[in-house]
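So you know, we letter chains A, B, ... as the sequences are listed, proteins then strands, and number each from 1.
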Protein chains: 2
Amino acid sequence: MSIDQNISSLRLAILCLILKAPRSGYQLKKDFEETPMGHFSSSPGAIYPALKRMEDDGWISGRVDNPDSLRPAKILSLTDKGIAFLKNYFLEPIVERDLVYRMDQLMLRFAFMSPLVGRESTCAFLRQLIEALSSHVSSLRAVSRELENDPLEGVLALQHGIESYESTLRWAHDSLSLLAKQTQMQGKP
Amino acid sequence: MSIDQNISSLRLAILCLILKAPRSGYQLKKDFEETPMGHFSSSPGAIYPALKRMEDDGWISGRVDNPDSLRPAKILSLTDKGIAFLKNYFLEPIVERDLVYRMDQLMLRFAFMSPLVGRESTCAFLRQLIEALSSHVSSLRAVSRELENDPLEGVLALQHGIESYESTLRWAHDSLSLLAKQTQMQGKP
DNA sequence: AGCGTCATGTAAAGCGTTACATGATTTT
DNA sequence: AAAATCATGTAACGCTTTACATGACGCT
C-alpha cells in the first residue's frame, strides 16, 4: 500500500527543507545545528552520503551556483520525482506505528505539508492524528490498569508515556481549531 | 568525565531488563514485543548481536539452563562489571543533550534505577530532571518568540515540542511528590 | 600569521532492519 | 496434519557516528 515503507528521518528532514527552499549541503548542516530542528542531528558524514543517495534515487538534483567562484556551492532542489514522493508521503494515512516509532516524522509532515498539499489536507492530517492518538491513549490506559503490583517507578514511566500522548492530543485539537479558523478567514477576506 | 559516551538504547534496555531479572534472548524479544517497552523494537537480528557484543565486553554472561533439555535457553545475567557500568550510568548528571536526543534513555534510567542505587538517588534524578527541563523550556520559548513571521505550521510544530517538555515537567513534579511521600512512609512504618 | 568560517567530502566501524534459516514442541 | 510458538542465530544492506582531509576566504 504505502509507497515508501521506510524513509529515514534525516532523509525526510532534508527533503522538507529543500522543498521550502533549495539549498546546499552545508546550509542543511547549519539548519540542523542552529534551528529547533536540531534533533535531526547531523555531521557531514551523515548529510553528504544521504544527499548522494537521494541524488542517485532521482529525488533531488544539484546545480552548482556561481561555478566561477572559488567557493562554489552545490544547490540542491527537488526533482519532479522527489516532489511526487513527498506529496504521496504527506498524504499517507496515519497508523499506530507512526505514533510509537515515528512521531518526529509526523511533526515534519505537519510542519511542511501545507505548501505542497494545501491547508485542507493539513487539517485532515490533524483529524487523523487526533483519532489515532485517542485510540492509542485508551489502549495504554488499559495496559496501565493491569500494572497495579509492578514497581511504582515502572508504572510512573508508563504514565509519562500516556501523558505525553495526551499532551500531543491537546496540541492537535488546539492546532486544528487555529488552522481551521485561519483557513476560513482566508476564504472570506 | 562520563564513563560511557554513548550506549545505544537497545543495549541499555537489555541491561535494565536483565538487571530486574536474568533472562534469555528470546524472553527479551518477547518483552519488547508485548510490553509497553515496545519502542525498543526488536528483531532477533538486533538482539542477538547486541547480546554477543555485550558478552564480549564483559557486561553480561550467559549460562545454559537445563542443558539436557532439547530446547535449552541461555539465561543472561549481569556481571560485576555490568552492574558497575549501570550504577555509574544511573548516577550520571543530566545534561540538555539527554533531553533532546535521549529522553527514552532517561525514562529507562528512572524506571530501573531504584533497586540498584536507591530511592534517594531516584528522587535526586527527578530533581535534576526538573531543573534541566525548566531551563530547556525557557530557551525554547525564547526561540519561539523570534519566529513570529514564520509559517504558522512551523511555529505550531515548535509549540508541540515545548508542550511536550512541559508535560514531562509536570510529570516529574508529580512523580517526585509521590516518591518522596512513599519513601518517607517507608522510613516510619 | 593564525584562527574561524565556508564548503565538500571520505574511511572505518558499529548498529539496526529485513529477511532468511534451522529444528523441536505445543496447540488446534 | 498444520500452524503457532520456543529458541537461536546469520547475511546483506543501509544508515549514522566519529574522525580525518582538503582548500579557499575573511578578520584581527
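Taking the screw axis at each terminus of the helix from C:dA1-D:dT28 to C:dT28-D:dA1 from five consecutive base pairs, the angle between the two is 30° to within rounding of 10 degrees.
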One pair to check against side-chain hydrogen bond (donor to acceptor under 3.5 Å, both in side chains): B:Glu92 and B:Asn88. What are the steps and the verdict?
CA-CA 6 Å; B:Glu92 294 224 347; B:Asn88 270 310; over 6 Å; no

Using the rule given for side-chain contact (heavy atoms from CB on, under 4.5 Å), can you reason through A:Leu108 versus A:Leu15, listing the C-alpha separation, both sets of side-chain angles and the distance that settles it, and then say yes or no?
CA-CA 10 Å; A:Leu108 277 176; A:Leu15 289 178; over 6 Å; no

Please report the C-alpha distance between B:Asp57 and B:Arg11 in whole Å, then the side-chain angles of each, then the deciding distance to 0.1 Å, and finally whether the salt bridge (Lys or Arg N to Asp or Glu O under 4.0 Å) criterion is met.
CA-CA 12 Å; B:Asp57 293 345; B:Arg11 264 165 106 117; 2.3 Å; yes

Pair A:Asp98-A:Gln105, side-chain contact (heavy atoms from CB on, under 4.5 Å): steps then yes or no:
CA-CA 8 Å; A:Asp98 295 325; A:Gln105 297 194 12; over 6 Å; no

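Annotation: proximity of residues 44-61 of chain A to DNA chain C (heavy atom, distance under 4.0 Å) is found for A:Pro44, A:Gly45, A:Tyr48, A:Lys52, numbered in ascending order.
Between B:Ile7 atom CD1 and D:dT17 atom P the separation is 17 Å, expressed in whole Å. Rounded to a whole Å, the CG atom of B:Leu28 is 13 Å from the C1' atom of D:dT8. Atom CG of A:Leu76 is separated from atom C1' of C:dG9 by 13 Å (rounded to the nearest Å). If you measure from atom CD of B:Gln105 to atom C1' of C:dC15, you get 13 Å, rounded to the nearest angstrom. If you take CZ of B:Arg23 and C1' of D:dA7, they are 16 Å apart, rounded to a whole angstrom. The nearest whole Å value for the distance from the CG atom in B:Leu10 to the P atom in C:dG14 is 16 Å.
Comparing C:dC15, C:dA7, D:dC15 by their nearest atom to the side chain of B:Ser8 picks out C:dC15.
OP1 or OP2 of D:dT18 lies within a sub-4.0 Å distance of a side-chain N or O belonging to B:Asn6. OP1 or OP2 of D:dC6 sits under 4.0 Å from a side-chain N or O of B:Lys30. The side chain of A:Tyr26 places no N or O atom within less than 4.0 Å of a non-bridging phosphate oxygen (OP1 or OP2) of C:dT8.
Under a cut-off of 6.0 angstrom, the local environment of CG in A:Asp56 is crowded, with over 12 non-hydrogen atoms contributed by other residues, nucleotides or ligands.
In this model, no donor atom of one side chain and acceptor atom of the other lie less than 3.5 Å apart for B:Thr79 and B:Ser61.
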Ignoring hydrogens and angles, write down the donor-acceptor pairs under 3.5 Å from the side chains of residues 47-55 of chain B, residues two or more places apart or on other chains.
residue: B:Tyr48; atom: OH; partner: B:Tyr26; partner atom: N; Å: 3.4
residue: B:Glu55; atom: OE1; partner: B:Lys74; partner atom: NZ; Å: 3.3
residue: B:Glu55; atom: OE2; partner: B:Gly62; partner atom: N; Å: 3.4

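Heavy-atom distances to DNA chain D give each of A:Arg11 and A:Ser43 a nearest nucleotide, and the one nearer the 5′ end belongs to A:Arg11.
For the residue pair B:Phe40 and B:Ser9, the shortest heavy atom distance occurs at CE2-CB, 3.7 Å.
Among the heavy atoms of the strands, none lies under 4.0 Å from A:Lys29.
In this pair, A:Trp59 and A:Phe85 present their aromatic rings parallel. The plane angle is below 30°, not in the 30 to 60° band.
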